[in-house]
Amino acid sequence: MKWQWRPSQRAIVGWALALVTVLAVLANQRDVGIARDETVYFSAGTRYADWWIGLVTFDHGISGKSINDTFGGAPGGNNNSEHPPLIKTAMGLSHWLLFRKLHVTDELTAYRVPGALLAGLLVLLVYSMTLAVWGFPEAVIAALCTLLLPRALFHAGLACFDAPIMTLWFATIYAYWRCLDDRKWPWQVGVVFGLALATKHNAMLLPFALGVHYLVIAWRAGKWRGLIHHKPRVVLSLAVIAPLTLVLLWPWLWLSPISHIKQWLSFHLTHVHYNFEYLGDNWNAPRFPWHVALVTTLFTVPVATLAAACAGASVLVVRWRRGESADHERAPALLLGLSMAASIGPFFLGSTPIFGAEKHWMPALPTICIAAGVGAGWAARQAADYARALRPMSETLARRVAFAIVGGSIVLASGTETVAAQPYALSWYNTLAGEAPGGADLGMNRQFWGVAARGVLPFLSYQFPTKTYWHDASPAAGWYQRLGLIRGFPHSGQEQPGIDASNLAMVIHEKHFNRHDYMIWKAYGTVRPVFVLRTEGVPIVTVYKRPVPLTGR
Amino acid sequence: MLLVVVACWETCEAPRDAAAIPGDKAWQKAADVVRASYQPGDLIVFAPDWVDPVGRLHLGDLITIDDAARMDAARYGRIWELSILDARSPETKGMAAAASQDVADVTVRLFTRTPVTVVSDIRAALPTAKVEGPARPTLELAEVGFAPHRCIQIVPPPKSSIRITFPQLPLGSELVGYVGLADVFTRRSPRGPGKLAVEIGGEQVAQATAGVDDGWVRFSAPTTPGSADVTFIASADDANRLICFAAEARR
């Protein structure tokens, strides 16, 4: 079928989808609470941005001391040297421009804008690659499936790195695939891979996907000779320009680069295993079940998208076996499969930390969404052919109607799930799991990082201001005050001493946090809460009030 | 066609699943039913367990901390179970409801039975206990197996044991107890278990091992009615094992 759209019109569709994504993320994040680690990135990002601004405005030069004071220190310390600086710097610059200079957004939104922009970019890239390889309707469906991923949309609204690395990971895949054409200087892939490395350490897994893919296409192109002569400049770009880009963007690496890279990576290779609930059990030490990533993905991607992706993957395999693969020379389907495998594969080992669940393997999602686009496209064509066999009609009409029905139903289902999930998407599970109540029944993780605490602010605002035990949301409590969302509920301190000193106390529900309920019972002498925040009926934050208030608080 | 069916099913089912849980009005009505027939000493439980905070929001004033942190439910003759989504509480497993009523999507069931008679409870007798070893037991409200339990907590030094003797403890026909490791963060590492042995009159009658993932482990031993010295011996190979236990002598 020929869609009578000019290339420029198709490009507009891609940009429009990207814009809708940015707006959707920005609108959604307004109701999303502040994650514990966001507060660390806010302050680090502001310092990084100020350093760069100071540098380009000649307020200061480059000195070891200023670099160390801003970017250095042991991983896990105040300067957050355990994570590369790109996204934090972007957050800081966004805050400087949008909040401090232009006053067009509030502080929180300003920090979160880069994530929203990158979410839009991801949708544009998914659309562009699918359009180039599989066609326009497939591209539209793939892009919409990417936009309508409930958990990914949530994560994109946080000032963190998980959604950005999904974008930069896929951008590397896309750039690599584009650079496999006959261009003379494929520097772009090196730069983009460098940006990915400067975003999050997941990017270290990309060479597994790119390496295997390169070996396959090079072997196909020229057997042993091809391994050396196929596209050596792409390899050179990845091997040289990418590390240079990383070093350029990360001033900490300007000093003792080898030692600092070692510190950065060893922090993650020896990372503590936080508590995480999965299928009814609390996991905080390996070996973890091999199926965590599989089951979690099965429950956190809309069912319709998964079903379409299964159809798409099957179609791509059949076409490959028939020798009918699209773009045989650059093998994009293989590349996407390897991208997914490299992203999610480590979580099958049983030793990789699982505490962030799907957010840690989100770079696998673009592959699923593109496969869903391909699957939906195939199903629509089959349906159109079947309809035409039953009743004579034009091919164009039959296919347009079929695409509208198949694509529309998938998008509607994903959209329904996405709306249902917000703003507490960490508690959301798809219909296969039974939504949030089903997830709770299955013993799947309900919250982390204290994000849900924002939902109790309206309740607190009706209480007499007093010392409050903010539990896992204690780092965010100050920010809620700063943003004017609450006034006069200072954090009373950590653990039992903090509870003992409080008149109000909250517990954000995760299995390993049950102990906080019991500490509060002990201090307050009652098991009865005064407020239970729920999503789809499932408790996510419980608030207690001391029956007889402490005086002078 | 199958894709469209799956998508339509998801579109219809997602809002329905999300709206399946009763709200506060329903819980309030169910709570009113319980309050109308509640008797002091009744136990109130909720199912599934994740709805417990909502249940306590509406009936928490009738649940004491000791009820919530009970050793087990055997001493309760009347148990109220408020459940949603056809869930059942482990406390009422195998029991037939004496009364059942559906109140706005919350099922209220009353279970009755002859409760066990508790002759003595070592938690109450802790002040009279004699302790041999370098650690002292305390009575705690602890998290064991992610559930609350009022228990005697002891932290034996690695590869050694602590003996806690209750002199002339009144006994019935059975001694029933539970043991587990408290505190999820100390359970994370190291991963070794805690052990508890029970001696009556110098003879070992029971022992239990509580691993980091075992939760609240039951043990029991037949006893001869009367009084005897009962000793609990807590030991662990690893440091920082917060061994928590409780036991009742039952008629």
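Just so it is clear: chains get the letters A, B, ... in the order the sequence lines come, proteins before strands, and each one is counted from 1.
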Just by distance, with hydrogens left out, do [X] and [Y] show a side-chain donor and acceptor under 3.5 Å apart?
| X | Y | answer |
| --- | --- | --- |
| B:Glu140 | B:Thr138 | yes |
| A:Gln447 | A:His509 | no |
| A:Trp428 | A:Glu536 | no |
| A:Thr431 | B:Glu13 | no |

Contacting moiety of [X], where chain B heavy atoms sit under 4.5 Å:
| X | result |
| --- | --- |
| A:Thr416 | side chain |
| A:Val541 | neither |
| A:Val530 | backbone |
| A:Ala307 | both |
| A:Ala440 | both |

Give the member of [options] that has the highest number of heavy-atom pairs under 4.5 Å with chain A.
| options | value |
| --- | --- |
| B:Met1, B:Glu10, B:Glu143 | B:Glu10 |
| B:Val212, B:Asp17, B:Ile84, B:Leu2 | B:Asp17 |
| B:Leu57, B:Val184, B:Ile21, B:Val6 | B:Leu57 |

Given that the side chain runs from C-beta out, which part of [X] has a heavy atom under 4.5 Å from chain A: side chain, backbone, both or neither?
| X | result |
| --- | --- |
| B:Ala14 | both |
| B:Asp52 | neither |
| B:Arg187 | neither |
| B:Leu85 | side chain |
| B:Pro53 | both |

Original post:
Can you check whether A:His471 and A:Phe513 have ring centres sitting under 6.0 Å from each other?
Top reply: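 Centroid distance A:His471-A:Phe513: below 6.0 Å, so yes.
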Hey, which of [options] has the most heavy atom pairs under 4.5 Å with chain B?
| options | result |
| --- | --- |
| A:Thr535, A:Asn284, A:Asn514 | A:Asn284 |
| A:Asp517, A:Thr542, A:Leu412 | A:Leu412 |
| A:Met519, A:Gln382, A:Arg528 | A:Arg528 |
| A:Val419, A:Ile410, A:Val507, A:Asn282 | A:Asn282 |
| A:Val406, A:Thr526, A:Val532 | A:Val532 |
| A:Ala379, A:Ser414, A:Gly434, A:Ala383 | A:Gly434 |

Would you say that more than 12 heavy atoms from the other residues, nucleotides or ligands in this model lie under 6.0 Å from the [atom1] of [X], or not?
| X | atom1 | answer |
| --- | --- | --- |
| A:Tyr386 | OH | no |
| A:Lys511 | NZ | yes |
| A:Lys522 | NZ | yes |

**OP:** Would you please go through residues 59-76 of chain B and name the residues with a non-hydrogen atom below 4.5 Å from one of chain A, in numerical order?
**Re:**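 Checking residues 59-76 of chain B against chain A gives B:Gly60, B:Asp61, B:Ile63, B:Thr64, B:Ile65, B:Ala68.
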Original post:
How long is the span from the CZ atom in B:Phe146 to the CG atom in A:Asp281, to the nearest 0.5 Å?
Top reply: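 One finds 8.5 Å between CZ of B:Phe146 and CG of A:Asp281.
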Original post:
Would A:Arg515 and A:Glu495 pass as an ion pair if we require N to O under 4.0 Å?
Top reply: yes
Subject >> Ion pair A:Glu277/A:Arg446, N-O distance below 4.0 Å >> reply: no
Original post:
Cationic tip of B:Arg123 within the cone over B:Phe245's six-membered ring, i.e. under 6.0 Å and within 45° of the normal?
Top reply: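 Ring-cation test returns no.
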Subject >> Donor-acceptor under 3.5 Å (A:Arg399 side chain, A:Ala384 main chain) >> reply: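 Absent.
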Subject >> Donor-acceptor contact below 3.5 Å, side chain B:Glu81 vs main chain B:Ser89 >> reply: yes
Subject >> Aromatic plane relationship, A:Phe355 with A:Tyr274 - under 30° parallel, 30 to 60° tilted, over 60° perpendicular >> reply: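 The rings of A:Tyr274 and A:Phe355 sit tilted, inter-plane angle from 30° to 60°.
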